[in-house]
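For reference, the structure is listed below as structure tokens.
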There are 2 protein chains.
Amino acid sequence: MNTTPLPMLPAQALPLAELMADEARSIIKRYFRTRPAVDAKADHSPVTIADREVEALMRKHIEQTFPEHGIRGEEFGERNPEADWCWHLDPIDGTKSFLSGSLCFGTQIALSYRGTPLLGVIDQPITAERWLAGSPEPARLGDQAIQTSSCSDLTQAVLYTSDPACFDPEQVPRFTKLREAVALTRYSHDCYAAGLLAMGQIDLLVEANIFPYDIAAQIPVIEGAGGIVTDWQGNPPSLEGQGHIVAAANVDLHAKALALLQAKL
Amino acid sequence: MNTTPLPMLPAQALPLAELMADEARSIIKRYFRTRPAVDAKADHSPVTIADREVEALMRKHIEQTFPEHGIRGEEFGERNPEADWCWHLDPIDGTKSFLSGSLCFGTQIALSYRGTPLLGVIDQPITAERWLAGSPEPARLGDQAIQTSSCSDLTQAVLYTSDPACFDPEQVPRFTKLREAVALTRYSHDCYAAGLLAMGQIDLLVEANIFPYDIAAQIPVIEGAGGIVTDWQGNPPSLEGQGHIVAAANVDLHAKALALLQAKL
């Protein structure tokens, strides 16, 4: 865990992130509901032309404005991976939704300092909903300050997760325990669920086997709205390699969810 | 199965359905993302104030315009259940989504003649998307004619279902076979998925243990766009009691999906 004091965000960082999200919107809108050409990556997740076009554009912007920064993107890999400041780009998080005409997808942009994400933008291009946070400023949906829920009772809590098939075999019974303890469970919302958590509409978001670019933007947004994000061991999420995430509206609910996910089977 | 010739829809039926959907929008918008009071019905599905307010209003309209028609609603039960013409009302299909701020819900209105639904409206109040069909006119999204996809290859098909936990134990392996055969599977979209199927964005919609008011509006919309809707035995869906549904973009794909759902285990 990083123990050095965290610096201020570069002044141009949030405006640049918003500009990139604006430009992503206009590209993504052109491809939405066209069932565009799909190729299969090694992990068989669908990836679209729009995905690549958006990431290429974002990289150009970052290289111009912050040539010394690192970049990690879903589509085009790493640049300056050892830099203190690093951008994490997920042009279309929820490609399965995007490809099938659902609104449950978004563009994600994050900026981290030595592994701690300090800026996050989650943008839904079609509904024009944008959740954002740039530490130390609190999280917003557009111009509106947002806040996570105060629900600390698991039996009242709303749980979202992206894919019931994403869990490892030993995670399935743990997740099932949590699912059976909460009021209701919904699936397949990807980053849109992080927005719903940050604005107090849902209470828990659990994911398994996700990549750093899936979660990097969600951490500042959820935490900037009063929530908490850790891995399944209760540690700060790593921005290296695949991981498992428990995000909650507040620390009480988080502790209860974590206890079920860690329960002896 | 009904073998009598089907009559024309009453001329006022579709305009009335659209008026009711318009009024439902303004009520539902007031309650969306307010996390309103929730009570638990016998089946523990959440039901909101908005749900009841919309259905009460719709019933008033129908009773005024078509006093001899039957009405079956999610919230307030049956009126004239023996009438030839019967309205099926689902003020908020996808209450779990509605309650948690997701856009994956909608208002559903159907009119059936002796058990065959001839008119269907699926309305998303927040995004203002409205799928509708009034036999014999083809299905539309707003003013735009829509058409299901021509995908007849299961390995390329996109499958949606509302809840991975909705299946009976003996249905689980059958659904799993289908899920493993298709290109991708998404969940938790309720009636919104029927709209995506009708407009060619997805190819298969499979549901289990759903009520007639869940499906009645979807049948004319999907079939009016070129698709096919049956139960898991390949028969026309019954509008009596709970049922299991396979909706497909075309008959070829439907036959392939049905074969997997009916496979010997």
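Just so we're on the same page: letters track the sequence lines, and every chain starts at 1.
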Could you pull out all donor-acceptor pairs under 3.5 Å where a side-chain atom in residues 220-229 of chain B meets a protein atom, sequence neighbours excluded?
unit_1	atom_1	unit_2	atom_2	d
Glu223(B)	OE2	Val229(B)	N	3.3

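- Surrounding CD of Gln144(B) are at most 12 heavy atoms belonging to other residues, nucleotides or ligands under 6.0 Å away.
- The ring-ring contact (aromatic ring centres under 6.0 Å, His included) check on Tyr160(B) picks up His189(B), with sequence neighbours excluded.
- The contact list for residues 191-201 of chain B toward chain A, using heavy atoms and a distance under 4.5 Å, reads Tyr192(B), Leu196(B), Met199(B), Gly200(B), Gln201(B) by residue number.
- By the salt bridge (Lys or Arg N to Asp or Glu O under 4.0 Å) test, Asp123(B) pairs with Arg25(B), Arg130(B), sequence neighbours left out.
- Here the CD1-CG distance, from Ile126(B) to Leu103(A), works out to 12.0 Å after rounding to the nearest 0.5 Å.
- If you measure heavy-atom distances from Ser102(B) to chain A, the contacts under 4.5 Å come from both the backbone and the side chain.
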Side chain to side chain contact (heavy atoms under 4.5 Å, CB included), that's the test. Do Leu99(A) and Val158(B) meet it? Break it down for me.
CA-CA 9 Å; Leu99(A) 279 171; Val158(B) 176; over 6 Å; no
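- For Ser100(A) and Arg186(B), the side-chain atoms include no donor-acceptor pair closer than 3.5 Å.
- In this structure, the portion of Glu129(A) lying under 4.5 Å from any heavy atom of chain B is its side chain and not its backbone.
- Within a 6.0 Å radius of CD in Gln147(A), no more than 12 heavy atoms belonging to other residues, nucleotides or ligands are found.
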